Amino acid sequence: MTIERASVIEEIEQLRLSALTCDKCELAQTRTNVVFGDGNPDTPLVIIGEGPGENEDATGKPFVGRAGALLDQVLRENGLTRKHVYITNVIKCRACISEGGRTRNRPPRTSEMAACIPWLERQLEIIQPLVILCLGAPAANTIIHKDFRMTQERGRFFETKYARYAIAALHPAYVLRQDGEMYDQTRTSLVADIAAARRKVIEARKEPKPTLF
Ligand code: URA
C-alpha cells in the first residue's frame with residue numbers, strides 16, 4: 001500500500017512510541033534507551049547499521065559515538081546531512097555483557113535479532129525508500145541476503161523486497177579500527193559507496209514507478 005508522504009513522519013512517530021515500550025527480548029532489561037532512528041523519515045535513502053553501542057544507548061540516537069562522527073563526516077563529503085537520510089539499526093537496543101563491573105558490547109543473539117527485525121521491517125514499509133545503504137555485514141545479511149560477503153559483494157546494488165536498490169558498505173567502526181594505508185583505503189571505499197547510493201537515488205527517481213496494472 002502506498003502511504004501519503006505527509007503521513008510518513010506521523011506513522012514513524014507512532015511506531016517509535018510503540019517501540020519505546022518493547023519487551024520482546026531480554027535486551028529490554030538492560031537498555032537505557034530504545035534507539036529507534038534519526039534523520040528524515042520522508043527520504044529516499046535509508047542507512048542501516050548493526051545496533052546501538054554505549055553512546056547510542058545513553059542518548060537514544062543512532063551513530064553518535066566515534067563511528068557516528070565518521071559517518072557524519074563521510075555523509076558531508078557527499079553533500080549529505082542527517083536531514084537528507086534516515087538512519088537506523090537492525091536492532092534497536094544495546095547488546096552488552098557485564099564483566100568486572102564494566103559493560104562491553106557483544107553481537108546480538110539470533111533470538112534478539114528475530115524479535116527486533118519486525119520493527120525495522122515496519123520502518124521500511126512506512127518509509128518505502130528507493131535505496132538502502134547497509135553499513136556492515138549484519139545489516140547486509142538482514143536486508144540483501146543471509147550469506148552476504150562484504151569482501152566480494154560490497155559496493156554492488158541488489159534488488160530487495162525492502163527497496164528497489166540496496167548496497168552495502170564497510171561499517172564506519174571497522175574503518176576506525178584500521179591503520180595507515182588500510183584506514184585510507186577503507187575510508188575511501190565508504191565515501192565511494194555513499195556516493196554510489198546517492199547517485200542511485202537520483203537515477204531511480206527518474207525511473208517510471210512500478211504500476212499494479
Ligand atoms: N554502530 C551501529 O551499527 N549503530 C549505531 O547506532 C552505532 C554504532
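Bear in mind that the values here come from a model prediction, so they are computed numbers and not experimental data. Ligands are counted one by one from 1 in listed order, and the atoms in each one are counted from 1 as well. Worth knowing before you read on, the calculation uses all heavy atoms, side chains too, and leaves out hydrogens, waters and symmetry mates.
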May I ask you to decide whether Glu207 forms a salt bridge with Arg164, counting only side-chain N to carboxylate O separations under 4.0 Å? yes

Please determine if Arg154 and Asp193 form a salt bridge, counting it only when a charged side-chain N lies under 4.0 Å from a carboxylate O. yes

Pairing of Glu125 and Lys161 as salt bridge, 4.0 angstrom limit: no

Under a plain distance cut-off of 3.5 Å, with no hydrogens placed, do Lys92 and Thr88 share a side-chain donor-acceptor pair? yes

Ionic contact status for Glu56 with Lys61, cut-off 4.0 Å: no

Write 'none' if nothing qualifies; otherwise put on separate lines each N/O atom of ligand 1 with a protein N/O atom under 3.5 Å away and their distance to 0.1 Å.
unit_1	atom_1	unit_2	atom_2	d
ligand 1	1 (N)	His171	NE2	3.3
ligand 1	3 (O)	Glu50	N	2.7
ligand 1	3 (O)	Gly51	N	3.4
ligand 1	3 (O)	Asn89	OD1	3.4
ligand 1	3 (O)	His171	NE2	2.8
ligand 1	4 (N)	Gly51	O	3.1
ligand 1	4 (N)	Asn89	OD1	2.7
ligand 1	4 (N)	Asn89	ND2	3.4
ligand 1	6 (O)	Phe63	N	2.9
ligand 1	6 (O)	Asn89	ND2	2.9

Salt bridge present between Glu11 and Arg122 (N-O < 4.0 angstrom): yes

